[in-house]
Amino acid sequence: MIDVFPSDPEPVNSRGFSRRKFLASTSCFGAFYAVAKLIPLPALAAELAGDSRIADTPIVDKGFASVRKIGNGLYATISDPSKGNTTLCNGGFLAGKDAALLVEGFATPAGASFQMDALRMVSQVPVKGALNTHYHYDHSMGNAYYGANGVALWAHAAAAQRIVENYAPLQGADKEAVLGPFEKRVKDAKSETERQHAQSDLNAVTGVFQIANASILALPNHPIDPAKPPMIIDLGGLSAVIEFYPGHSGTDMIVRVPEQNVVYTGDLLFSGRYPVCFDDKATISGWRATLAKFTSFSKDTLFVPGHGQICGQEGIASIREVFDDIAGQTEKMFKAGVPVEEAQHRYVVPDKFKNFPIFAWGFTIGPAITKLYAEWKAGRS
Ligand SMILES: [Zn+2]
């Protein structure tokens, strides 16, 4: 297991769960919460302005998210976390002649309800299911809406268990006990850089703590076995394929519509932002291989990312460059024998990516570096 903060001992609070366990139980959500007030988000990458598949105007725009047609029976829900935390992640839905598939449970039941209402603006077909692309908080805390409305909840076979393991311990936990260690890290920081990193992590977990305590956990009841061949879903004149790929969380499923070259990636793609890498099951080499695979999809592919703007292949190229840059800087430190505790704070954001939101350091760049060190050490032994 790779610690996000390997230089620290692992304090266990009075409720019996450690900070490391807590970090493992938090999600991208906190990171977005931390920067939410700062960055308004256009739904589309500029490169896609002329794409005839994409409607010029959304069918609905509530500020916190908008829903836009991106193909025949295909819609993308794009969140703008600067306008509130109702949805937080992106999603969408696919509506065929006979049935519909919803993508994501979002951060709150109101978010899931918002997307269901958008579906009902364009189609009355029965809903076959709602897919959590992975177990993380900002994609699953709204699941209770589906449970209450009899909508089957689909996800990777490990997702239900991981929701329970990672989020149940936060509910009803003592706030000071949870946040105390993060506050201490801010106070004890050895440099201004480390202090800023620690502060960003504190902001993130504060947000997660608030949402965790406002949520009712609802678990996926329709497990998808990643070892089986990809599931093909016939919605009536519209076929979707659900596929598993390694990288972000160990539970990452994508929805592909090969006939229209559209892919809903979940968090395997962060569009125009630094990737969130903290998960115990995140694998940097696996994730980079997954992104390489995405480049083999048609050059006309539209990607609906887990966070950020809808993009084309240029969005995949861009996130691959980010990974290349992190790996390049990390490799130099690794070869020079820089201890990992230092290395994880030393990455320098190049000019090219200075507009890419970083959210919390300890959810993105820090763990990417510690995981790269671990992968390379394992490769040597
Ligand atoms: Zn995630």
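Whatever order the structure lists ligands and atoms in, that order sets their numbers, starting from 1.
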A.B. asks: So, do Phe106 and Phe114 have ring centers that fall under 6.0 Å from each other?
C.D. replies: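 No, they do not, as the ring centres are separated by 6.0 Å or more.
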A.B. asks: Please determine if the Zn ion (ligand 1) has an N/O/S atom from Cys89 lying under 2.8 Å away.
C.D. replies: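 No N, O or S atom of Cys89 is closer than 2.8 Å to the Zn ion (ligand 1), so no.
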A.B. asks: Which is the closest N/O/S atom of His136 when seen from the Zn ion (ligand 1)?
C.D. replies: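 Among the N, O or S atoms of His136, the one closest to the Zn ion (ligand 1) is ND1.
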A.B. asks: Within the stated cut-off of 2.8 Å, is an N/O/S atom of His134 closer than that to the Zn ion (ligand 1)?
C.D. replies: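 Yes, since at least one N, O or S atom of His134 sits under 2.8 Å from the Zn ion (ligand 1).
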A.B. asks: Checking side-chain hydrogen bond (donor to acceptor under 3.5 Å, both in side chains) against Asp279, which of Arg162, His248, Lys371 comes through?
C.D. replies: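 Passing option: Arg162.
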A.B. asks: Apart from Val241 itself, which Ile, Leu, Val, Met, Phe, Trp or Tyr residues share its cluster (side-chain heavy atoms under 4.5 Å, direct or through members)?
C.D. replies: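 Val241 shares its hydrophobic cluster with Ile232.
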A.B. asks: If you check every N/O/S atom of Asp267, which is the one nearest the Zn ion (ligand 1)?
C.D. replies: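 Minimum-distance N/O/S atom of Asp267 relative to the Zn ion (ligand 1) is OD2.
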A.B. asks: Is Arg68 paired with Asp61 through a side-chain N to carboxylate O contact shorter than 4.0 Å?
C.D. replies: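 Looking at Arg68 together with Asp61, the answer is no, because their closest N to O distance does not fall below 4.0 Å.
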